[in-house]
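Notes follow once the structure below has been shown.
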Number of protein chains: 2
Amino acid sequence: MLGEPIKDRRAERHEATRAEIIDAAWAIAREVGLAAIALREVARRVGMQAPSLYSYFASKNAMYDAMFAQAWSDIRDKKPSYDSLPTDPRAAIRQVAHYFFDWAVADPARYLLTSQRTIPGFEPSPEAYQPAVDVVNETVELFAHLGIPADALDLYTALVAGLCAQQVANDPGGDRWKKQVDPAMDAFCDYVGLPASKPRRTSSRGKR
Amino acid sequence: MLGEPIKDRRAERHEATRAEIIDAAWAIAREVGLAAIALREVARRVGMQAPSLYSYFASKNAMYDAMFAQAWSDIRDKKPSYDSLPTDPRAAIRQVAHYFFDWAVADPARYLLTSQRTIPGFEPSPEAYQPAVDVVNETVELFAHLGIPADALDLYTALVAGLCAQQVANDPGGDRWKKQVDPAMDAFCDYVGLPASKPRRTSSRGKR
DNA sequence: GTCTATACACCGATAGAC
DNA sequence: GTCTATCGGTGTATAGAC
């Protein structure tokens, strides 16, 4: 008996092609908009005919689903860990907020897919949604570390989401709402009762 | 000389038909999603053939443009005026925020069109954008009345936008972020230095 | 001016040959 | 797994009836 091969080369190849397709789809989304992705163009860029894509994705929405999962996995795996953050809670929350903000604003199409329900008929599957849940759960853990009440989570996500939404929609390419990230986080920290940073002149900035 | 008729019945009729078309388009958007509006279906509902719509709108995006303008005009004309608001600034800002929030959440398709850049290739024209500018300007005036610094506007809009975005995207039909409207406004008022409401126990909640 | 009829190029998706 | 052929749909242009 030979047993099963350790590596399934066929499956590996399949997965690699899926990734290649997704990359092409993202590139198109950045150029013409998330909702304007044409499967024929995706296929063309990876050297296929359009129907061949259906060997890799059951539908266009299934492709969006994979893109959704990939984007959230990306931010989950790349975002700063608690260990790498400043010890001052206010500085830490600022840094995390800036990380999310910059990530979202850097790719408006990705922001629309991950954070808005903009594609008619597309709803992320539970599996695709899991990385997003992970991100939320890890944010809850971070709050615990920083001494922020867990029930302040929804207010925090609304704050970050709103800054990103306004920047992308009303000042694309600018920094009008990026400048509001620090004030927003300061207001948030005040509200949840975080002690003020040590008065080091650089920690709390500006107003009060 | 007879002069010109006081009313141009033809133009009136034209305008009425345009409004009828827009209403049909909104109805479809609510049923199937903003980006899934099909001109043939719009035409069917108003008793036309699809190409006839081009007598009223130069393109589908021109229809979106008119819808954009109509939605912002609607909120501009319906939102509570300063005179009708509670005299307590904190209660007033809460009420205004709730008004916007409820308006946005009541119609997610409308929210997407007015507050997100979600339709590829659609950018509101300056004329269509004007009512949105009006709303912002009137909010600035309100801030002046309430004693809120004008440069807090961007933080305020981000706050409201974020609450709406999270509610629509992550808890449609629920009230998870509606419950955060009051906390968010309290945090905002604290941050901009608004004096606390009179400790009347009822002053910040209820109709003052 | 308003509308119909027709046509075109494109879309997502499917069937079936190889 | 990939192809060709094709289906019913889309936005939109245009010619012409009334």
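All chains are named by letter (A, B, ...) in the order of the sequence lines, taking the proteins before the strands, and each is independently numbered beginning at 1.
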May I ask you to list the residues of residues 12-26 of chain A, by number, that have any heavy atom positioned under 4.0 Å from an atom of DNA chain C? none
Set of residues satisfying side chain to side chain donor-acceptor pair (under 3.5 Å) with respect to Asp151(A), sequence neighbours excluded: none
The criterion is side chain to side chain donor-acceptor pair (under 3.5 Å); which residues satisfy it with Ser125(B), sequence neighbours excluded? Asp65(B)
Once side-chain hydrogen bond (donor to acceptor under 3.5 Å, both in side chains) is applied, what residue pairs with a partner in residues 36-48 of chain B remain, sequence neighbours excluded? Glu31(B)-Arg45(B), Glu41(B)-Arg44(B), Glu41(B)-Arg45(B)
Listing request: all salt bridge (Lys or Arg N to Asp or Glu O under 4.0 Å) pairs with a residue in residues 136-145 of chain A, at least two apart in sequence or in separate chains. Lys79(A)-Glu138(A)
Show me the pairs that pass salt bridge (Lys or Arg N to Asp or Glu O under 4.0 Å) and involve residues 19-28 of chain A, at least two apart or across chains. none
List every contact pair, protein side and nucleotides 16-18 of chain C side both N or O, where the distance is under 3.5 Å.
none

At under 4.0 Å, does any side-chain N or O of Ser55(B) touch on OP1 or OP2 of dT2(C)? no
Residue pairs, two or more places apart or on separate chains, that pass ring pair (Phe, Tyr, Trp, His ring centres under 6.0 Å) and touch [range]:
range	value
residues 28-60 of chain A	His14(A)-Tyr56(A)
residues 75-114 of chain A	Tyr82(A)-His145(A)
residues 15-52 of chain B	none

Residues that Gln49(B) engages under side chain to side chain contact (heavy atoms under 4.5 Å, CB included), provided they are two or more places apart: Pro51(B), Ser52(B)
Round to a whole Å and report the spacing from CG of Leu53(B) to P of dA5(C). 15 Å
Can you tell me the distance, in whole Å, between the CE atom of Met48(B) and the P atom of dA5(C)? 14 Å
Nucleotide N/O to protein N/O under 3.5 Å, stretch nucleotides 8-12 of chain D:
from: dG11(D); atom 1: OP1; to: Ile37(B); atom 2: O; distance (Å): 2.9
from: dG11(D); atom 1: OP1; to: Leu39(B); atom 2: N; distance (Å): 3.0
from: dG11(D); atom 1: OP1; to: Lys60(B); atom 2: NZ; distance (Å): 3.1
from: dG11(D); atom 1: OP2; to: Leu39(B); atom 2: N; distance (Å): 3.0
from: dG11(D); atom 1: N7; to: Arg40(B); atom 2: NH1; distance (Å): 2.7
from: dG11(D); atom 1: O6; to: Arg40(B); atom 2: NH2; distance (Å): 3.1
from: dT12(D); atom 1: OP2; to: Tyr54(B); atom 2: OH; distance (Å): 2.8
from: dT12(D); atom 1: OP2; to: Lys60(B); atom 2: N; distance (Å): 2.9
from: dT12(D); atom 1: O5'; to: Tyr54(B); atom 2: OH; distance (Å): 2.9
from: dT12(D); atom 1: O4; to: Arg40(B); atom 2: NH2; distance (Å): 3.4

Considering every strand and a 4.0 Å limit on heavy-atom distances, what is the contact class for Phe57(B): base, sugar-phosphate, or nothing? nothing
Measure the shortest side-chain to side-chain distance between Val32(A) and Ile37(A) over non-hydrogen atoms and say whether it is less than 4.5 angstrom. no
